[in-house]
Structures are given as C-alpha cells and as structure tokens.
Amino acid sequence: MKQTDLLLSDIALVAPQPDWLRIEGVSKRFGTAVVLEQINLAVRRGEFVCLLGPSGCGKTTLLRIIAGLEQQDGGVVVMGGRDIGRLPPGQRDYGIVFQSYALFPNLTVAQNVAYALRLPRKERKERDKRVAQLLQMVELDGKQEHYPAQLSGGQQQRVALARALATSPGLLLLDEPLSALDAKVRDNLRQELKTLQRRLGITAIMVTHDQEEALAIADTIAVMSRGRIEQTGTPEQVYREPATRFVADFVGCANWLPVRQDDAGVVSAGDLSFGFSLPAGARSATAFCRPEDICVEPHWSAGGKMTMAIVERVDFLGSVRRALLSLASSRDVQLTVDVARNEPGYDLLVPGQRVPISVAPHKVRYFVDGAA
Ligand code: ATP
C-alpha cells in the first residue's frame, strides 16, 4: 500500500458522517395548543434513535411529521439531503410499524407482507421470493398461510416489521411497537429488533415512553417533555449526566438531596458532606445521584466520609435489594439505594437497621436551585 492510500483511508475512517435525517426548528400546534416547539434533531445513517417521554409530550406527533402523516407548522425535515417536509407520505422513503400491528385481518401473513411490495401480478415469482426472504428474516418462515388472528401478538408484530422492511426503505419508523406485548416477549423482540436493525444498517426512529426500553435499544435518546427535546445523548449520557431535573427524574430512579454550602465552602446534606463546591454566589442546590451510586458500607470508619443511615424499607427487585434509607442525623433526608447480592452491604439491608453509607463525590451531580 502506498503512503497516500493509507492517509486517505485514515481520513475516510475519521471523517464525520453527514446526518441522514435532519429536523430543524419543527413546530406544531393543534388549535391553540402548542404540541411541538422548535424541535431540532440530527440522525446519522444506521443510527437507532429513541424519542422518549411521558404521555402527551409530542413524540408521536413528531414521528408522524417525519412520516408525512401530519404537517408541521414550521421548520424543515431533510432526509438524504432532500427536503421532504412537504412531500406526501408515499413519496417519502420509510417503513412504519405501529403499536396496534395494523395488519389486514382478511389477508394471510404472506399477503400482508406482499401488499407492501406493490409488484404487478406478472412479477409473482420475484414477489414470493422476497416475501419468503422477509419472513425468514423475522423468523416466521412456515407461517405464510396463517391469518393474523392465528398468531400471537409478538408474531403479528414480526409480520408488521417484515412489511415495513419489504421495500428496503431508508428509514424505519416505530411507534411504540413493543408496548402491547407481554414483558418476556417484549424483551426478546426488543433484542431481535436491535440485532436486525444493526444487521441491515437501517436508520431507525422509535417512539417509546418506557425508559428501560430506550436505554436498552437506542444508540441515541432524545428525551422529550411538553413539546421540547430536553436532552439528546447516548443512553449512558442521559442516565449518568442528565442535563435537566426532568431528564434525571424520567430516566431511571433519582435521589434528590437538598444541599447547602457553609462559610468554609463545605457542601452537605445533613451530616453527609460532598467534595464539590457550588458556583460563585450559590449557597444551596439539589444534589442528584442514582441508587447504585450510594455505597452501604460493611463497617463504620471515622475517616471514611461516611454517615449513618437507618433502613426504613426494603424491596426485593430480583437482581438487587432496593432500600429506602433516612439519614440518622436528619430523618427527613431520604435516599433510595440499590445493593446487589454480591456487594458487602446486601445483608445489612433489614428494616430498622443502622448502616454506614458513603457516596463517591464524582458520582454526584447538582442542580443549583432556581435552574432547570
Ligand atoms: P402518547 O405516548 O400518549 O401517545 P405522545 O407523547 O406520543 O403521547 P402525542 O400523541 O404526540 O403525544 O400528542 C401530543 C399532544 O397533542 C397531546 O396533548 C395530544 O392530545 C395532542 N394531539 C395529538 N394529536 C392531535 C390531533 N390530531 N388533534 C388535536 N390534538 C392532538
């Protein structure tokens, strides 16, 4: 290989991928109600993006705008470099899966999938081959002649997925596709969906209100609240470094501790002190950490930045014990902790027990009072 070849291939590897889908300044009203406000979102080719938020925050409306099933009042939608914001749905290159499967009950599985191909009758051989290929892809070979009513919910959703992928679209849109399924089926299908999306390299946008689902499946999560995107980031980022109190609370379980900074610059909640200072001028804030960030210590150590807590309640969650603790020095300050079975504090979590706890300062974030 020549030196220049090497350099060119290196550049190709590090060159940023242009965004495949760009949503810029999109807004939407229904009557006087503002449902979406200045939405900006950039999606790379092959990325799996989840729109996550509580009911009514506008995530389905945003998905429907991308699909052309709803018209935005302002802003642009660009896909593959083309402004698609005013095109009818049929001229946009996507497949869509709905929560309710939306299959034709009077058509067989094969006919439901073939419907999306829209091939003329004379191309029947080619159509049948493609349908067989798609059904194999979603692990439904052998079910060609079944009707939707003869399938389980999970199987029906696989048919809907095969139909959405039939034309090899440039974008896969998923509107709560797993939420009507039982927990076990949902977990399996979630994994399969992710594997399939990776294998096909298709760009996917999924609406969900289930934060666990979004954390498990997405490359990028856009957390929405009241018609706005509060934060866009990787699952780790939105979980570990939430940009706002809303994101911290909505994604996972959050501990909130009112903290004060004394004249010596020590920040503490009760007698639990933290190794950070507040920004100039701020004297109080709300500290935030996750339940697994609090350590239940097996032994008290005076110099170990520990404080005593009282176990108020314990719930068994399978992989962890989740306990509600209150600080012995001020029982109105309460914390939720998760302790796994192989951790030393596990057996100490018994209601009424006094336990030493510590929190590593780098795991604590804070929101200055009055800020978002
Ligand atoms: P959910 O998870 O409950 O589906 P969502 O976050 O997907 O919620 P949207 O369905 O986008 O929310 O709805 C956002 C807001 O817009 C809601 O207040 C809803 O009532 C309203 N809305 C949605 N569609 C219409 C419509 N066609 N006409 C009037 N209001 C609408």
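By convention here, the first residue in the shown sequence is residue 1. Only a predicted model underlies this, so the values are computations on that prediction, with no experimental measurement involved. Just follow the structure's listing: the first ligand is 1, and inside any ligand the first atom is 1.
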>> Hydrophobic cluster membership, with links at side-chain heavy-atom distances under 4.5 Å among I/L/V/M/F/W/Y: are Tyr101 and Leu134 in one?
In response: yes
>> As an exercise, identify every atom of ligand 1 less than 4.0 angstrom from a heavy atom of Glu176.
In response: 2 (O)
>> Cys57 versus ligand 1: do any nitrogen or oxygen atoms come within less than 3.5 Å of each other?
In response: yes
>> Does ligand 1 come near enough to Phe30 that some N or O of the ligand is less than 3.5 Å from an N or O of the residue?
In response: no
> Roughly how far apart are Tyr147 OH and Leu103 CG, rounded to 0.5 Å?
Replying inline: 13.5 Å
> Who's the nearest protein heavy-atom neighbour of atom 18 (O) of ligand 1, and how far?
Replying inline: Gly56 O, 4.2 Å
> Starting from atom 3 (O) of ligand 1, which protein heavy atom do you reach first, and at what distance in Å?
Replying inline: Ser55 OG, 2.6 Å
> In terms of the angle between their ring planes, are Tyr366 and Phe276 parallel, tilted or perpendicular, with boundaries placed at 30° and 60°?
Replying inline: parallel
>> Between ligand 1 and Val207, is the shortest N or O to N or O distance under 3.5 Å?
In response: no
> Which of the numbered atoms in ligand 1 are below 4.0 angstrom from a heavy atom of Pro54?
Replying inline: 6 (O)
> Touching ligand 1 at all, Met224? Heavy atoms, strictly under 4.0 Å?
Replying inline: no
>> Under 4.0 Å, heavy-atom basis, I'd like to know which part of Ala33 is in contact with ligand 1: side chain, backbone, both or neither.
In response: neither
> Is Leu200 reachable from Leu117 through a run of hydrophobic residues whose side-chain heavy atoms are each under 4.5 Å from the next?
Replying inline: yes
>> Students should be able to answer this: which protein heavy-atom is nearest to atom 7 (O) of ligand 1, and at what distance?
In response: Thr60 OG1, 2.6 Å
>> Test your reading of the structure: does His209 have an N or O sitting under 3.5 Å from an N or O of ligand 1?
In response: no
>> Working note: Glu312 + Arg331, criterion salt bridge (Lys or Arg N to Asp or Glu O under 4.0 Å); need CA distance, chi angles, decisive distance, verdict.
In response: CA-CA 10 Å; Glu312 302 284 353; Arg331 286 189 77 161; 2.9 Å; yes
> Side-chain heavy atoms under 4.5 angstrom apart, residues restricted to Ile, Leu, Val, Met, Phe, Trp, Tyr: same cluster for Leu327 and Val267?
Replying inline: yes
> For Arg240, does the CZ atom sit with more than 12 other heavy atoms under 6.0 Å from it, leaving out its own atoms?
Replying inline: yes
>> Return the closest protein heavy atom for atom 12 (O) of ligand 1 as residue, atom name and distance.
In response: Gly58 N, 3.3 Å
> Is the closest N or O pair between Glu70 and ligand 1 shorter than 3.5 Å?
Replying inline: no
> Where on Val35 is there a heavy atom closer than 4.0 Å to ligand 1, on the side chain, on the backbone, on both, or on neither?
Replying inline: side chain
>> So, taking the atom named CH2 in Trp256 and the one named SG in Cys289, what distance separates them when rounded to the nearest 0.5 Å?
In response: 10.0 Å
> Val97, Leu135: one ILVMFWY side-chain cluster at the under-4.5 Å cut-off?
Replying inline: yes
>> Using a 6.0 Å distance limit plus a 45 degree cone around the ring axis, check whether Arg163 lies over the aromatic ring of Tyr115.
In response: no
> Considering all protein heavy atoms, does one lie under 4.0 Å from atom 20 (O) of ligand 1?
Replying inline: no
> Looking only at heavy atoms of Lys59, does any of them come nearer than 4.0 Å to an atom of ligand 1?
Replying inline: yes
>> Out of the candidates Glu230, Gln211, Glu241, Met224, only one should pair with Val247 under the side chain to side chain contact (heavy atoms under 4.5 Å, CB included) rule; please name it.
In response: Glu230
>> Students should be able to answer this: which protein heavy-atom is nearest to atom 9 (P) of ligand 1, and at what distance?
In response: Thr61 OG1, 3.5 Å
